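Atoms within a ligand are numbered from 1 in the order they appear, just like the ligands themselves. Nothing here was measured: the structure is a model prediction, and the numbers come from that model.
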Amino acid sequence: MQDIPFNQPSLVGNEITYLKEAIERGQLSGDGYFTKRCNKLIENLTTAPSALLTHSCTAALEMAAILCDLQPGDEVIMPSFTFVSTANAVVLRGAIPVFVDIDAQTLNIDPKKVAASVNDRTRAIFAVHYAGFPADMEPLAQIARENNLILVEDAAQALGSTYKGKMCGSLGDMAAFSFHETKNLISGEGGALTINRPELIERAEIIREKGTNRSRFIRGQVDKYTWVDIGSSFLPGELVASFLCAQLEMADEINAKRLAIFERYQKAFRQLEMEGRVQMPVVPENTTGNGHMFYLLLRDAKDRDQFISHMRTAGIITPFHYIPLHSAPAGMKYGQIGRADNDLPITNAVSDRLVRLPVFFGLGTQIETVVSIALKHFR
Ligand SMILES: *Cc1c(COP(=O)(O)O)cnc(C)c1O
């Protein structure tokens, strides 16, 4: 039997045609024809007033951290249960990630823990939409308003998800998306920053273009461009943008396919969940997901590790994550635990118990093999 990977990139439409067109158009550097088309498509998909393509979500988070004007010693509240880039963006500015626990049902940042961790040095909240399910943004926005904090969405996994009828990427002051090949829409490496506060847009363009006002120059608003602020090279080239453009055009189809996979897994494990043997993702009230991920929470670390090796023996790759950032070497060095907790018990337990099943566009009838072999673990 052939191995079933956890993830596999797929061509879904016009990728090759657009790559060829990008080459024929004669501009391979960034901010050309396809980058503009991608920005527009992302604005449409998120309803954000401005989207800027970046070379990764990591880059978009770093831009967001610069736009927050973080100073050394400033604090940013975030979950510990996230990818390293959420925290690195803050640490690179000399600021301190303050890790708080997640909600046991949604695995998203717990607004009560956020509220308890705000102090005079807090500047921002970085909320992650885990597994593509939106964090509870309304209470977070209220905490941000009351304390004059910037609210950033780490929407790496959440393109197309909605919260109370609004799109992820339009909920915070800014949002960072990923088009890494493990996400729903892909360009190998890739990302975008959406900006919902109009007064931040011009500075975002400058930061993304190495601290120059080149974007205004290209639009003919200034007659030469120069170094005006800090920045870096956060933009992708046109080859990446052309590939991504084809994927963005198929966003609805890609997400629908993944949601169908998600629902197949839900159906397969419902009985075990009712017996209390496993926990499946809980779709938070008034939200819709995008089928980014399907996970199971098993009994404990031993049960989870046995599940993973059982699946591996059958050639099926089912990874766990995350090592909680507050317990990682760099997390202990650069971050701290929030003021509501001494430790983060839910984060620790979820990290021990979680396993992810294969979800990708090209996963066809193989899903039935995944399901039947997975169910054997419980018999
Ligand atoms: C994937 C991911 C990132 C990083 O995305 P890149 O595009 O690989 O830089 C950041 N945060 C979260 C929550 C992610 O899932």
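Between F217 and Y225, the angle of the ring planes lies from 30° to 60°, which puts this pair in the tilted group. Using cut-offs of 30° and 60° for the angle between ring planes, the H377 and H310 rings count as tilted.
Contacts with ligand 1 closer than 4.0 Å are made by side-chain heavy atoms of A156 only, the backbone lying farther away.
Using a non-hydrogen distance threshold of 4.0 Å, K183 registers as a contact of ligand 1. Using a 4.0 angstrom heavy-atom cutoff, A176 does not count as in contact with ligand 1.
Below 3.5 Å of separation, one finds an N or O of Q157 facing an N or O of ligand 1. Considering backbone and side-chain N/O atoms, S178 comes within less than 3.5 Å of an N/O atom of ligand 1.
Ring centroids of H321 and Y130 are separated by less than 6.0 Å, placing the two rings close together. Note: Y18 and F34 meet the aromatic proximity criterion, with ring centroids under 6.0 Å apart.
The heavy atom nearest to atom 5 (O) of ligand 1, considering only G190, A192, C57, P79, is found in C57. Considering each of T58, D154, T54, T86, the one bringing a non-hydrogen atom nearest atom 13 (C) of ligand 1 is D154.
Between R277 and E273 there is no salt bridge, since no side-chain N of the basic residue sits under 4.0 Å from a carboxylate O of the acidic one.
In this structure, a donor-acceptor pair under 3.5 Å is absent between the side chains of R258 and N290.
Remark: minimum distance from atom 3 (C) of ligand 1 to any protein heavy atom is reached at F83 CD2, 3.5 Å.
Distances below 4.0 Å separate heavy atoms of S56 from the following atoms of ligand 1: 7 (O), 9 (O).
Looking at R123, R203, R93 one by one, the single match for salt bridge (charged side-chain N to carboxylate O under 4.0 Å, His left out) with D69 turns out to be R203.
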